[in-house]
S.K.: 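Right, I'll just put the structure down here and ask away after.
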Number of protein chains: 2
Amino acid sequence: MPRPSQPILSRELICRTALNLLDRTGRFTVPEVAQKLGVSVSSLYHHVAGRAEIVEGIRGLLAGRFAPIADDTAWPAAVAAWARSYRDAFAAHPAAIPPLVAQTITDPVTLRQYGALAGMLARSGFGPDSIVLAITMLDNLCLGAALDVGAPSVIWDDNPAIDSPMQTALGRATLGADRAERGFELGLALTLRGLAELLADQPAEV
Amino acid sequence: MPRPSQPILSRELICRTALNLLDRTGRFTVPEVAQKLGVSVSSLYHHVAGRAEIVEGIRGLLAGRFAPIADDTAWPAAVAAWARSYRDAFAAHPAAIPPLVAQTITDPVTLRQYGALAGMLARSGFGPDSIVLAITMLDNLCLGAALDVGAPSVIWDDNPAIDSPMQTALGRATLGADRAERGFELGLALTLRGLAELLADQPAEV
DNA sequence: ACCTGAACACCGTTCAAGT
DNA sequence: ACCTGAACACCGTTCAAGT
(Lines give C-alpha, C1' and ligand atoms only; values in the text may rest on other atoms or scores of the structure.)
Protein backbone atom coordinates (compact mmCIF):
# COMPACT_ATOMS: atom_id res chain seq x y z
CA MET A 1 0.00 0.00 0.00
CA PRO A 2 1.48 3.36 -1.03
CA ARG A 3 1.76 6.27 1.34
CA PRO A 4 -1.56 8.09 1.48
CA SER A 5 -1.61 11.64 0.16
CA GLN A 6 -2.88 12.77 3.54
CA PRO A 7 -1.45 11.26 6.75
CA ILE A 8 -4.04 8.96 8.30
CA LEU A 9 -2.40 8.74 11.69
CA SER A 10 -1.61 11.25 14.41
CA ARG A 11 -0.52 11.09 18.03
CA GLU A 12 -3.91 12.23 19.23
CA LEU A 13 -5.82 9.75 17.09
CA ILE A 14 -3.65 6.93 18.40
CA CYS A 15 -4.15 7.98 22.04
CA ARG A 16 -7.88 8.42 21.56
CA THR A 17 -8.14 4.95 20.06
CA ALA A 18 -6.17 3.45 22.95
CA LEU A 19 -8.42 5.20 25.48
CA ASN A 20 -11.42 3.83 23.62
CA LEU A 21 -10.06 0.31 23.87
CA LEU A 22 -9.44 0.78 27.60
CA ASP A 23 -13.03 1.91 28.07
CA ARG A 24 -14.54 -0.95 26.15
CA THR A 25 -12.26 -3.86 26.97
CA GLY A 26 -10.37 -2.74 30.07
CA ARG A 27 -7.00 -2.92 28.35
CA PHE A 28 -5.11 -1.90 25.24
CA THR A 29 -2.15 -3.30 23.36
CA VAL A 30 -0.21 -1.69 20.56
CA PRO A 31 -1.34 -4.31 18.01
CA GLU A 32 -4.96 -3.75 19.01
CA VAL A 33 -4.64 -0.02 18.46
CA ALA A 34 -3.09 -0.64 15.05
CA GLN A 35 -5.82 -3.05 14.05
CA LYS A 36 -8.54 -0.64 15.22
CA LEU A 37 -7.00 2.01 12.98
CA GLY A 38 -6.60 -0.40 10.05
CA VAL A 39 -2.88 0.15 9.98
CA SER A 40 0.24 -1.93 10.57
CA VAL A 41 1.80 -1.97 14.03
CA SER A 42 5.05 -0.36 12.97
CA SER A 43 3.19 2.61 11.53
CA LEU A 44 2.30 3.77 15.02
CA TYR A 45 5.96 4.21 15.88
CA HIS A 46 6.21 7.06 13.38
CA HIS A 47 3.95 9.11 15.65
CA VAL A 48 4.65 7.91 19.18
CA ALA A 49 7.91 6.77 20.73
CA GLY A 50 6.28 3.76 22.34
CA ARG A 51 3.55 2.49 24.57
CA ALA A 52 4.48 4.81 27.44
CA GLU A 53 3.96 7.85 25.23
CA ILE A 54 0.50 6.62 24.31
CA VAL A 55 -0.34 6.36 28.03
CA GLU A 56 1.04 9.85 28.57
CA GLY A 57 -1.09 11.11 25.70
CA ILE A 58 -4.14 9.61 27.37
CA ARG A 59 -3.23 11.54 30.50
CA GLY A 60 -3.21 14.67 28.39
CA LEU A 61 -6.65 13.90 26.97
CA LEU A 62 -8.05 13.57 30.50
CA ALA A 63 -6.23 16.63 31.87
CA GLY A 64 -7.67 18.62 28.98
CA ARG A 65 -11.09 18.09 30.50
CA PHE A 66 -10.21 19.54 33.89
CA ALA A 67 -12.14 22.68 34.73
CA PRO A 68 -9.99 25.71 33.93
CA ILE A 69 -8.86 27.67 36.96
CA ALA A 70 -11.18 30.68 37.01
CA ASP A 71 -9.37 33.67 38.46
CA ASP A 72 -12.50 35.69 39.15
CA THR A 73 -13.90 33.05 41.50
CA ALA A 74 -13.32 32.76 45.24
CA TRP A 75 -10.68 30.08 45.89
CA PRO A 76 -12.99 27.55 47.60
CA ALA A 77 -15.33 27.44 44.61
CA ALA A 78 -12.43 27.31 42.17
CA VAL A 79 -10.71 24.50 44.07
CA ALA A 80 -13.96 22.55 44.35
CA ALA A 81 -14.66 22.84 40.63
CA TRP A 82 -11.12 21.76 39.80
CA ALA A 83 -11.23 18.79 42.16
CA ARG A 84 -14.61 17.58 40.89
CA SER A 85 -13.54 17.79 37.26
CA TYR A 86 -10.27 16.01 38.06
CA ARG A 87 -12.03 13.18 39.81
CA ASP A 88 -14.76 12.97 37.17
CA ALA A 89 -12.30 12.89 34.28
CA PHE A 90 -10.45 9.92 35.75
CA ALA A 91 -13.52 8.16 37.08
CA ALA A 92 -15.03 8.22 33.57
CA HIS A 93 -12.14 6.05 32.40
CA PRO A 94 -11.33 3.73 35.30
CA ALA A 95 -9.36 1.24 33.21
CA ALA A 96 -6.91 4.00 32.32
CA ILE A 97 -5.91 4.57 35.93
CA PRO A 98 -3.61 1.58 36.49
CA PRO A 99 -1.37 2.37 33.49
CA LEU A 100 -1.47 6.06 34.40
CA VAL A 101 -0.35 5.62 38.00
CA ALA A 102 2.41 3.28 36.85
CA GLN A 103 4.45 6.01 35.16
CA THR A 104 5.78 9.45 35.99
CA ILE A 105 3.84 12.43 34.68
CA THR A 106 5.50 14.19 31.79
CA ASP A 107 2.39 15.38 29.95
CA PRO A 108 2.60 19.18 29.73
CA VAL A 109 -1.17 19.73 29.87
CA THR A 110 -1.32 17.99 33.23
CA LEU A 111 1.75 19.78 34.56
CA ARG A 112 0.22 23.11 33.56
CA GLN A 113 -2.97 22.23 35.46
CA TYR A 114 -1.04 21.86 38.69
CA GLY A 115 0.88 25.03 37.96
CA ALA A 116 -2.32 27.00 37.42
CA LEU A 117 -3.80 25.66 40.65
CA ALA A 118 -0.66 26.62 42.56
CA GLY A 119 -0.75 30.12 41.08
CA MET A 120 -4.38 30.60 42.04
CA LEU A 121 -3.72 29.52 45.61
CA ALA A 122 -0.74 31.87 45.83
CA ARG A 123 -2.83 34.84 44.67
CA SER A 124 -5.44 33.87 47.27
CA GLY A 125 -2.87 34.28 50.03
CA PHE A 126 -1.59 30.76 50.56
CA GLY A 127 2.10 30.54 51.39
CA PRO A 128 4.56 28.07 49.82
CA ASP A 129 4.16 25.35 52.44
CA SER A 130 0.39 25.64 52.38
CA ILE A 131 0.28 25.42 48.61
CA VAL A 132 2.35 22.27 48.61
CA LEU A 133 0.19 20.74 51.33
CA ALA A 134 -3.03 21.79 49.64
CA ILE A 135 -2.13 20.26 46.30
CA THR A 136 -0.88 17.10 47.97
CA MET A 137 -4.17 16.67 49.84
CA LEU A 138 -6.34 17.47 46.84
CA ASP A 139 -4.39 15.09 44.67
CA ASN A 140 -4.71 12.28 47.22
CA LEU A 141 -8.43 12.89 47.49
CA CYS A 142 -9.18 12.99 43.77
CA LEU A 143 -7.01 10.04 42.82
CA GLY A 144 -8.29 7.91 45.69
CA ALA A 145 -11.86 8.75 44.77
CA ALA A 146 -11.28 8.06 41.09
CA LEU A 147 -9.84 4.66 41.93
CA ASP A 148 -12.81 4.00 44.15
CA VAL A 149 -15.28 4.56 41.33
CA GLY A 150 -13.40 2.31 38.96
CA ALA A 151 -12.54 -0.51 41.31
CA PRO A 152 -14.16 -0.21 44.73
CA SER A 153 -11.81 -1.67 47.33
CA VAL A 154 -14.53 -3.16 49.40
CA ILE A 155 -17.08 -5.64 48.21
CA TRP A 156 -20.00 -4.28 50.18
CA ASP A 157 -22.29 -7.10 49.19
CA ASP A 158 -21.50 -10.73 49.88
CA ASN A 159 -18.10 -10.07 51.37
CA PRO A 160 -17.43 -13.44 53.02
CA ALA A 161 -15.18 -11.77 55.62
CA ILE A 162 -17.97 -9.61 57.00
CA ASP A 163 -20.10 -11.61 59.40
CA SER A 164 -23.78 -11.77 58.74
CA PRO A 165 -25.06 -9.43 61.49
CA MET A 166 -22.74 -6.79 60.05
CA GLN A 167 -23.82 -7.81 56.57
CA THR A 168 -27.44 -7.13 57.41
CA ALA A 169 -26.46 -3.89 59.16
CA LEU A 170 -24.63 -2.71 56.05
CA GLY A 171 -27.54 -3.94 54.00
CA ARG A 172 -29.53 -1.26 55.74
CA ALA A 173 -27.23 1.43 54.33
CA THR A 174 -29.33 3.58 52.04
CA LEU A 175 -26.43 4.96 50.06
CA GLY A 176 -26.25 2.46 47.21
CA ALA A 177 -24.87 3.93 44.02
CA ASP A 178 -24.31 7.27 45.73
CA ARG A 179 -21.68 5.79 48.03
CA ALA A 180 -18.58 6.81 46.05
CA GLU A 181 -20.05 10.19 45.12
CA ARG A 182 -21.04 11.02 48.71
CA GLY A 183 -17.69 9.85 50.07
CA PHE A 184 -15.83 12.09 47.66
CA GLU A 185 -18.02 15.12 48.34
CA LEU A 186 -17.67 14.72 52.10
CA GLY A 187 -13.90 14.37 51.74
CA LEU A 188 -13.82 17.46 49.56
CA ALA A 189 -15.84 19.52 52.05
CA LEU A 190 -13.51 18.48 54.88
CA THR A 191 -10.46 19.31 52.77
CA LEU A 192 -11.79 22.77 51.90
CA ARG A 193 -12.39 23.45 55.57
CA GLY A 194 -8.85 22.36 56.36
CA LEU A 195 -7.49 24.61 53.65
CA ALA A 196 -9.41 27.58 55.04
CA GLU A 197 -7.76 26.98 58.41
CA LEU A 198 -4.39 26.72 56.74
CA LEU A 199 -5.02 30.08 55.10
CA ALA A 200 -6.17 31.68 58.36
CA ASP A 201 -2.95 30.60 60.06
CA GLN A 202 -0.91 32.13 57.29
CA PRO A 203 1.71 34.72 58.34
CA ALA A 204 0.76 38.09 56.87
CA GLU A 205 4.06 38.28 55.06
CA VAL A 206 4.35 35.61 52.39
CA MET B 1 15.91 -33.23 38.11
CA PRO B 2 13.81 -35.53 40.34
CA ARG B 3 11.12 -34.24 42.63
CA PRO B 4 12.69 -32.97 45.86
CA SER B 5 11.79 -34.87 49.02
CA GLN B 6 10.54 -31.62 50.50
CA PRO B 7 8.58 -29.16 48.35
CA ILE B 8 10.78 -26.16 47.59
CA LEU B 9 7.96 -23.91 46.44
CA SER B 10 4.90 -22.47 48.11
CA ARG B 11 2.36 -19.81 47.32
CA GLU B 12 3.78 -17.49 49.93
CA LEU B 13 7.37 -17.93 48.80
CA ILE B 14 6.36 -17.15 45.23
CA CYS B 15 4.47 -14.02 46.26
CA ARG B 16 7.28 -12.85 48.51
CA THR B 17 9.76 -13.27 45.69
CA ALA B 18 7.54 -11.32 43.30
CA LEU B 19 7.18 -8.50 45.85
CA ASN B 20 10.95 -8.46 46.24
CA LEU B 21 11.38 -8.09 42.50
CA LEU B 22 8.86 -5.25 42.46
CA ASP B 23 10.77 -3.46 45.20
CA ARG B 24 14.14 -3.82 43.54
CA THR B 25 13.32 -3.51 39.86
CA GLY B 26 9.88 -1.89 39.77
CA ARG B 27 8.31 -4.85 38.02
CA PHE B 28 7.98 -8.62 38.03
CA THR B 29 7.34 -11.27 35.44
CA VAL B 30 6.59 -14.92 35.96
CA PRO B 31 9.87 -16.06 34.33
CA GLU B 32 11.81 -13.70 36.58
CA VAL B 33 10.19 -15.12 39.70
CA ALA B 34 11.00 -18.66 38.52
CA GLN B 35 14.60 -17.77 37.83
CA LYS B 36 14.99 -16.08 41.20
CA LEU B 37 13.77 -19.26 42.83
CA GLY B 38 15.97 -21.45 40.64
CA VAL B 39 12.99 -23.29 39.26
CA SER B 40 11.33 -23.71 35.90
CA VAL B 41 8.48 -21.42 34.97
CA SER B 42 5.86 -24.13 34.77
CA SER B 43 6.62 -25.21 38.34
CA LEU B 44 5.02 -22.05 39.65
CA TYR B 45 1.69 -23.04 38.18
CA HIS B 46 1.46 -25.92 40.62
CA HIS B 47 1.10 -23.39 43.45
CA VAL B 48 -0.64 -20.40 41.92
CA ALA B 49 -3.31 -20.27 39.25
CA GLY B 50 -1.57 -17.48 37.39
CA ARG B 51 -0.06 -14.04 37.57
CA ALA B 52 -3.22 -12.49 39.02
CA GLU B 53 -3.10 -14.83 41.98
CA ILE B 54 0.49 -13.81 42.68
CA VAL B 55 -0.63 -10.17 42.75
CA GLU B 56 -3.48 -11.09 45.06
CA GLY B 57 -1.04 -12.91 47.32
CA ILE B 58 1.07 -9.76 47.47
CA ARG B 59 -2.02 -7.87 48.60
CA GLY B 60 -2.39 -10.42 51.37
CA LEU B 61 1.22 -9.92 52.46
CA LEU B 62 0.65 -6.18 52.75
CA ALA B 63 -2.74 -6.48 54.45
CA GLY B 64 -1.14 -8.80 56.97
CA ARG B 65 0.89 -5.82 58.19
CA PHE B 66 -2.11 -3.60 58.88
CA ALA B 67 -2.47 -2.72 62.54
CA PRO B 68 -5.02 -5.06 64.11
CA ILE B 69 -8.23 -3.38 65.16
CA ALA B 70 -7.89 -2.97 68.94
CA ASP B 71 -11.29 -3.16 70.57
CA ASP B 72 -10.21 -1.61 73.85
CA THR B 73 -9.16 1.63 72.17
CA ALA B 74 -11.29 4.70 71.48
CA TRP B 75 -12.39 4.66 67.84
CA PRO B 76 -10.42 7.73 66.72
CA ALA B 77 -7.12 6.21 67.89
CA ALA B 78 -8.01 2.82 66.43
CA VAL B 79 -8.98 4.32 63.07
CA ALA B 80 -5.83 6.46 62.99
CA ALA B 81 -3.59 3.47 63.71
CA TRP B 82 -5.33 1.41 61.07
CA ALA B 83 -5.09 4.17 58.44
CA ARG B 84 -1.41 4.84 59.12
CA SER B 85 -0.50 1.16 58.90
CA TYR B 86 -2.53 0.80 55.69
CA ARG B 87 -0.83 3.74 54.06
CA ASP B 88 2.61 2.71 55.33
CA ALA B 89 2.24 -0.88 54.15
CA PHE B 90 1.46 0.22 50.60
CA ALA B 91 3.88 3.13 50.57
CA ALA B 92 6.72 0.78 51.49
CA HIS B 93 6.12 -1.05 48.19
CA PRO B 94 5.10 1.62 45.69
CA ALA B 95 5.78 -0.52 42.63
CA ALA B 96 3.19 -3.01 43.82
CA ILE B 97 0.39 -0.43 43.70
CA PRO B 98 -0.27 -0.32 39.92
CA PRO B 99 -0.79 -4.10 39.61
CA LEU B 100 -2.83 -4.08 42.83
CA VAL B 101 -5.24 -1.36 41.74
CA ALA B 102 -5.68 -3.09 38.40
CA GLN B 103 -7.59 -6.05 39.80
CA THR B 104 -10.52 -6.68 42.10
CA ILE B 105 -9.77 -7.60 45.70
CA THR B 106 -10.36 -11.24 46.47
CA ASP B 107 -7.65 -11.72 49.11
CA PRO B 108 -9.40 -12.86 52.32
CA VAL B 109 -6.90 -11.18 54.66
CA THR B 110 -7.69 -7.81 53.11
CA LEU B 111 -11.42 -8.44 53.11
CA ARG B 112 -11.28 -9.36 56.78
CA GLN B 113 -9.46 -6.10 57.55
CA TYR B 114 -12.34 -4.08 56.16
CA GLY B 115 -14.80 -6.28 57.97
CA ALA B 116 -13.03 -5.76 61.29
CA LEU B 117 -12.94 -2.01 60.76
CA ALA B 118 -16.63 -1.94 59.97
CA GLY B 119 -17.39 -3.96 63.08
CA MET B 120 -15.39 -1.63 65.30
CA LEU B 121 -17.18 1.42 63.90
CA ALA B 122 -20.54 -0.25 64.45
CA ARG B 123 -19.73 -0.98 68.10
CA SER B 124 -18.66 2.66 68.47
CA GLY B 125 -22.12 3.83 67.46
CA PHE B 126 -21.78 4.50 63.74
CA GLY B 127 -24.84 3.60 61.70
CA PRO B 128 -24.78 1.68 58.39
CA ASP B 129 -24.59 4.75 56.14
CA SER B 130 -21.88 6.32 58.27
CA ILE B 131 -19.81 3.15 58.25
CA VAL B 132 -19.98 2.91 54.49
CA LEU B 133 -19.04 6.59 54.15
CA ALA B 134 -16.24 6.33 56.71
CA ILE B 135 -14.58 3.37 55.05
CA THR B 136 -14.95 4.97 51.64
CA MET B 137 -13.23 8.14 52.83
CA LEU B 138 -10.49 6.33 54.72
CA ASP B 139 -9.80 4.12 51.73
CA ASN B 140 -9.58 7.09 49.39
CA LEU B 141 -7.22 8.86 51.76
CA CYS B 142 -4.84 5.94 52.33
CA LEU B 143 -4.69 4.80 48.74
CA GLY B 144 -4.20 8.33 47.43
CA ALA B 145 -1.46 8.95 49.97
CA ALA B 146 0.25 5.65 49.20
CA LEU B 147 0.23 6.48 45.50
CA ASP B 148 1.65 9.88 46.33
CA VAL B 149 4.65 8.41 48.13
CA GLY B 150 5.43 6.02 45.32
CA ALA B 151 4.88 8.30 42.37
CA PRO B 152 4.27 11.93 43.32
CA SER B 153 1.88 13.45 40.80
CA VAL B 154 3.55 16.78 40.77
CA ILE B 155 7.14 17.43 39.94
CA TRP B 156 7.74 20.15 42.50
CA ASP B 157 11.20 20.94 41.24
CA ASP B 158 11.91 21.97 37.68
CA ASN B 159 8.33 21.59 36.53
CA PRO B 160 8.51 23.47 33.21
CA ALA B 161 4.83 24.36 33.43
CA ILE B 162 5.24 26.32 36.65
CA ASP B 163 6.50 29.79 35.90
CA SER B 164 9.66 30.90 37.59
CA PRO B 165 8.20 33.32 40.18
CA MET B 166 6.01 30.44 41.37
CA GLN B 167 8.99 28.14 41.15
CA THR B 168 10.97 30.34 43.53
CA ALA B 169 7.94 30.71 45.79
CA LEU B 170 7.57 26.93 46.01
CA GLY B 171 11.32 26.71 46.46
CA ARG B 172 10.74 28.55 49.70
CA ALA B 173 8.52 25.72 50.94
CA THR B 174 10.26 24.17 53.89
CA LEU B 175 8.47 20.83 53.71
CA GLY B 176 10.85 18.86 51.56
CA ALA B 177 10.77 15.16 52.27
CA ASP B 178 8.00 15.64 54.82
CA ARG B 179 5.56 16.77 52.16
CA ALA B 180 3.79 13.47 51.58
CA GLU B 181 3.83 12.57 55.26
CA ARG B 182 2.41 15.93 56.35
CA GLY B 183 -0.23 15.88 53.64
CA PHE B 184 -1.43 12.46 54.72
CA GLU B 185 -1.48 13.37 58.43
CA LEU B 186 -3.43 16.55 57.76
CA GLY B 187 -5.89 14.65 55.60
CA LEU B 188 -6.27 12.03 58.32
CA ALA B 189 -6.91 14.63 61.02
CA LEU B 190 -9.58 16.27 58.87
CA THR B 191 -11.19 12.91 58.14
CA LEU B 192 -11.30 11.98 61.82
CA ARG B 193 -12.98 15.29 62.59
CA GLY B 194 -15.51 14.62 59.87
CA LEU B 195 -16.20 11.15 61.24
CA ALA B 196 -16.77 12.58 64.73
CA GLU B 197 -19.39 14.89 63.26
CA LEU B 198 -20.97 12.00 61.42
CA LEU B 199 -21.17 10.09 64.71
CA ALA B 200 -22.66 13.07 66.56
CA ASP B 201 -25.42 13.36 63.96
CA GLN B 202 -26.25 9.69 64.38
CA PRO B 203 -29.85 8.84 65.30
CA ALA B 204 -29.88 7.23 68.77
CA GLU B 205 -31.55 4.14 67.35
CA VAL B 206 -29.24 2.25 65.02
C1' DA C 1 2.34 -34.38 44.50
C1' DC C 2 5.75 -31.68 42.40
C1' DC C 3 9.08 -30.31 38.95
C1' DT C 4 10.45 -30.24 33.87
C1' DG C 5 10.88 -29.12 28.70
C1' DA C 6 8.58 -27.96 24.79
C1' DA C 7 5.00 -25.63 22.68
C1' DC C 8 1.41 -21.88 21.84
C1' DA C 9 -0.43 -17.48 21.11
C1' DC C 10 0.77 -13.34 22.28
C1' DC C 11 3.41 -8.66 23.35
C1' DG C 12 6.48 -4.22 22.47
C1' DT C 13 10.03 -2.59 19.51
C1' DT C 14 13.26 -2.19 15.53
C1' DC C 15 14.63 -1.68 10.88
C1' DA C 16 15.48 -2.13 6.04
C1' DA C 17 12.46 -1.47 2.20
C1' DG C 18 8.98 0.71 -0.38
C1' DT C 19 6.54 5.22 -2.45
C1' DA D 1 7.40 11.89 5.42
C1' DC D 2 4.72 7.94 6.16
C1' DC D 3 3.36 3.16 5.85
C1' DT D 4 4.82 -1.89 5.42
C1' DG D 5 6.57 -6.81 6.39
C1' DA D 6 9.69 -9.43 8.67
C1' DA D 7 12.36 -10.16 12.56
C1' DC D 8 13.76 -10.10 17.62
C1' DA D 9 13.53 -10.88 22.39
C1' DC D 10 10.21 -11.30 25.32
C1' DC D 11 5.60 -12.58 28.01
C1' DG D 12 1.78 -15.71 30.38
C1' DT D 13 -0.11 -20.21 30.15
C1' DT D 14 -0.73 -25.20 29.05
C1' DC D 15 0.35 -29.94 28.97
C1' DA D 16 2.32 -34.42 28.35
C1' DA D 17 6.18 -36.54 30.53
C1' DG D 18 9.06 -37.74 34.29
C1' DT D 19 9.89 -39.38 39.50
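Labels below follow one simple rule: chain letters A, B, ... track the order of the sequence lines, proteins then strands, and each chain is numbered from 1. Heavy-atom basis, side chains included; hydrogens, waters and symmetry copies ignored.
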S.K.: With a 4.0 Å cut-off on heavy atoms, is B/T29 in touch with a base, just the backbone sugar-phosphate, or nothing at all?
M.R.: sugar-phosphate

S.K.: Within the structure provided, determine whether B/L133 and B/D129 are in side-chain contact (heavy-atom separation under 4.5 Å).
M.R.: no

S.K.: Under a 4.0 Å heavy-atom cut-off, which of residues 15-28 of chain A touch DNA chain D?
M.R.: none

S.K.: Ignoring backbone atoms, test whether B/H47 places a side-chain nitrogen or oxygen under 4.0 Å from the OP1 or OP2 oxygen of C/dA1.
M.R.: no

S.K.: Run the salt-bridge test on A/E197 and B/R193 with the 4.0 Å N-O cut-off and return the result as yes or no.
M.R.: yes

S.K.: Applying side-chain contact (heavy atoms from CB on, under 4.5 Å), name anything that partners B/R59, two or more places apart in sequence or on another chain.
M.R.: B/E56, B/L100, B/Q103, B/I105, B/D107, B/T110

S.K.: Side-chain contact test, heavy atoms from C-beta onward, threshold under 4.5 Å: evaluate it for A/L121 versus A/V79 and give yes or no.
M.R.: yes

S.K.: Test: ring pair (Phe, Tyr, Trp, His ring centres under 6.0 Å). Region: residues 53-76 of chain B. Which pairs qualify, not counting sequence neighbours?
M.R.: B/F66-B/W82, B/F66-B/Y86, B/W75-B/F126

S.K.: Could B/R84 and B/F184 be counted as a cation-pi pair, given that NZ or CZ must be under 6.0 Å from the ring centre and within 45° of the axis?
M.R.: no

S.K.: Using OP1 and OP2 only, check whether a side-chain N or O of A/S43 sits under 4.0 Å from D/dC3.
M.R.: no

S.K.: Would you tabulate the pairs of protein nitrogen or oxygen atoms and nucleotide nitrogen or oxygen atoms of nucleotides 13-15 of chain C closer than 3.5 angstrom?
M.R.:
| unit_1 | atom_1 | unit_2 | atom_2 | d |
| --- | --- | --- | --- | --- |
| C/dT13 | OP2 | A/Y45 | OH | 2.8 |
| C/dT13 | OP2 | A/R51 | N | 2.8 |
| C/dT13 | O5' | A/Y45 | OH | 3.3 |

S.K.: Report the residues that fulfil side-chain contact (heavy atoms from CB on, under 4.5 Å) with B/A34, sequence neighbours left out, ordered by chain and then residue number.
M.R.: B/V39, B/V41, B/L44

S.K.: Mind pulling the stems DNA chain C is in, i.e. runs of at least three Watson-Crick or G-U pairs, everything under 3.5 Å?
M.R.: C:4-8 with D:12-16, C:12-16 with D:4-8

S.K.: Are the side chains of B/R182 and A/T136 in touch, meaning some heavy atoms are under 4.5 Å apart?
M.R.: no

S.K.: Taking side chain as C-beta onward, heavy atoms only, is A/M120 less than 4.5 Å from A/L117?
M.R.: yes

